[in-house]
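Structure record follows, encoded as structure tokens.
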Amino acid sequence: MIPPAFDYHAPLSVADAVRLLGSLGPDAKLLAGGHSLLPMMKLRFAQPSHLIDLGKIPDLRGIAQVGSEVHIGAMTTEHDLLNSTLLAAKLPLLVEGAGWIADPQVRYKGTIGGDISHGDPGNDHPALMLALDASFVLNGPRGERVVKADGFFQGLYATLLEPDEILTQIRVPIPAAGSGGSYQKLKRKTGDFATAATAVMLRMEGGVVAEVRIALTNVAATALRATAAEASLLGKAIDNSSLKAAATLAMSICDPVADQRGDADYKRAMCGEMTRRALQAALARTLKP
Ligand SMILES: Cc1cc2nc3c(=O)[nH]c(=O)nc-3n(C[C@H](O)[C@H](O)[C@H](O)COP(=O)(O)OP(=O)(O)OC[C@H]3O[C@@H](n4cnc5c(N)ncnc54)[C@H](O)[C@@H]3O)c2cc1C
């Protein structure tokens, strides 16, 4: 299928991209890797008259440690995340998560910024960002603002991004030494979105949970933070009883839509199972020297 005609723009700086987005108005769309936008254009779900390609702006790529955070340019691809030695050392959960996204072809072009900005509940980065307590840098005609991942995902394809703003950078605090993370994703086949998935970041102290963040993919209109499940674990050992309680609380906030991946009850049950597995795997990683 061929998308409708559009004018193509390729700014070389964030400032030029912001100016273009402002002057072209609602008929313009930002183009990142194109792996969500172009399928939507081919299906006529999106019909922008102008595409503003962010791919020629060097400042939007790259991964660097800045103090106690890792800063990732929005146009950094999943392939780049997978091959980053810095991320492997400091944020292995992000590397694990990127490896679950789509297939190698999509990962060569698809970007972390596009995955977050799209607001698709099936995308994997939103839950990873919630579990990692990330922040997003948004640039627009009114300047720059930094917002937390918590609260950024507002609804189906809806985020805190204003139509004239660009997500330029993702900032992730480096977890404390001894923390462990895991992303457990059930998918039917390579390249599929999650039937259900759970991201966990965990820190233990004296055999009990000192800090935990749990976030869920594709079981509601947005990625969800399972705060009641988190609270149920604080101060407790991770054992069969606390795992069951946390999984049940995670399931209780799911509101999945039945589709070819299963009915709502099945997806809710799989969310519980992914939560249990992610907590177990994260615990095992906290024990590694
Ligand atoms: C076969 C297939 C399987 C897939 N499986 C998965 C999967 O398992 N998990 C998963 O997470 N994703 C999956 N995806 C989606 C893929 O990861 C996309 O690449 C991602 O959703 C969007 O990133 P992009 O760079 O391609 O963005 P684009 O498609 O270019 O853009 C998506 C939307 O975000 C906006 N946008 C892009 N960048 C910015 C920015 N910096 N600031 C503001 N707005 C911006 C665009 O205007 C557009 O509305 C799959 C895609 C395909 C084709």
Side-chain angles (χ1 to χ4, degrees), residues 13-15 17-18 32 54-55 57-99 101 110-117 123-140 142-153 159-162 165-183 199-205 209-215 223 225 227 230 234 278 282-283 285-289:
S13 69
V14 172
V18 167
L54 299 176
I57 306 177
D59 289 353
L60 290 181
R61 273 186 182 241
I63 306 169
Q65 182 170 347
V66 179
S68 59
E69 294 182 330
V70 173
H71 292 186
I72 305 170
M75 286 298 288
T76 304
T77 64
E78 308 298 348
H79 178 78
D80 294 337
L81 299 182
L82 274 170
N83 288 285
S84 161
T85 48
L86 176 63
L87 290 185
K90 303 291 183 188
L91 296 171
L93 175 61
L94 200 42
V95 180
E96 182 187 12
I101 291 178
T111 66
I112 182 170
D115 199 273
I116 292 166
S117 305
N123 280 2
D124 293 294
H125 279 298
L128 293 163
M129 294 297 114
L130 290 170
L132 286 164
D133 196 17
S135 300
F136 305 138
V137 182
L138 313 182
N139 268 265
R142 295 161 300 283
E144 181 181 289
R145 61 186 178 128
V146 182
V147 299
K148 299 287 273 180
D150 255 320
F152 179 78
F153 304 101
T159 69
L160 277 187
L161 269 166
E162 294 293 340
E165 283 183 314
I166 300 175
L167 167 62
T168 51
Q169 192 180 68
I170 294 94
R171 295 181 178 170
V172 189
I174 296 170
S179 303
S182 177
Y183 191 55
V200 165
M201 271 310 298
L202 178 68
R203 190 173 64 79
M204 305 291 287
E205 240 174 52
V209 175
E211 279 180 75
V212 63
R213 293 177 72 94
I214 303 174
R225 179 141 172 241
T227 47
E230 293 171 3
L234 288 176
L283 175 66
R285 287 171 191 161
T286 64
L287 302 175
K288 281 199 179 149

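In this chain, residues are counted from 1 in sequence order.
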Minimum-distance pair of heavy atoms, taken over all atoms of Ala17 and Ile57: CB-CD1, 4.0 Å
Residues in side-chain contact (heavy atoms from CB on, under 4.5 Å) contact with Leu86, at least two apart in sequence or another chain: Ile63, Gln65, Val70, Ser84, Lys90
Non-neighbouring partners of Asp124 that pass salt bridge (Lys or Arg N to Asp or Glu O under 4.0 Å), sequence neighbours left out: Lys185
Contacts of type side-chain contact (heavy atoms from CB on, under 4.5 Å), residue Asp133, not counting sequence neighbours: Lys148, Pro173, Arg213
Spatial distance of atom CG (Leu128) from atom CG (Leu91) [nearest 0.5 Å]: 10.5 Å
Close side-chain approach of Ile170 to Thr76, heavy-atom, < 4.5 Å: no
Separation between CG of Leu60 and OG of Ser13, rounded to the nearest 0.5 Å: 9.5 Å
Residues that Glu69 engages under side-chain contact (heavy atoms from CB on, under 4.5 Å), provided they are two or more places apart: His71, Arg171
Stepwise side chain to side chain contact (heavy atoms under 4.5 Å, CB included) check, Thr111 with Leu54: CA-CA 11 Å; Thr111 66; Leu54 299 176; over 6 Å; no
Between CG on residue Leu87 and CG on residue Asp80, distance to nearest 0.5 Å: 9.5 Å
Pairing residues for Arg203 by the side-chain contact (heavy atoms from CB on, under 4.5 Å) criterion, not counting sequence neighbours: Ala176, Ser179, Glu205, Ala210, Glu211
Non-hydrogen side-chain atoms of Leu94 and Met129 separated by less than 4.5 Å: yes
Trace of the side chain to side chain contact (heavy atoms under 4.5 Å, CB included) decision for Glu162 with Leu138: CA-CA 9 Å; Glu162 294 293 340; Leu138 313 182; over 6 Å; no
Approximate separation, where rounding is to 0.5 Å, of Leu132 CG and Ile174 CD1: 11.0 Å
Residue pair Ala134 / Val172: nearest heavy atoms and the distance that separates them: CB-CG2, 4.1 Å
Arg145/Glu165 ion pair, N-O < 4.0 Å: yes
Thr286 versus Gly178, closest heavy-atom pair with distance: CB-O, 3.4 Å
Heavy-atom side-chain contact between Leu82 and Val95 under 4.5 Å: yes
ring-ring contact (aromatic ring centres under 6.0 Å, His included) involving Phe136 - partner list, sequence neighbours excluded: Phe152
Nearest-0.5 Å distance, CD of residue Glu96 to CG of residue Leu81: 13.5 Å
Heavy-atom pair with the smallest gap, counting every atom of Ala223 and Ala127: CB-N, 3.8 Å
Residues forming a side-chain hydrogen bond (donor to acceptor under 3.5 Å, both in side chains) with Ser182, sequence neighbours excluded: Gln184
Exercise: identify the closest heavy-atom pair between Ala199 and Ala131: CB-CB, 3.8 Å
Separation of Leu93 CG from Leu202 CG (nearest 0.5 Å): 11.5 Å
Side-chain donor or acceptor of Asp115 paired with backbone N/O of His125 under 3.5 Å: yes
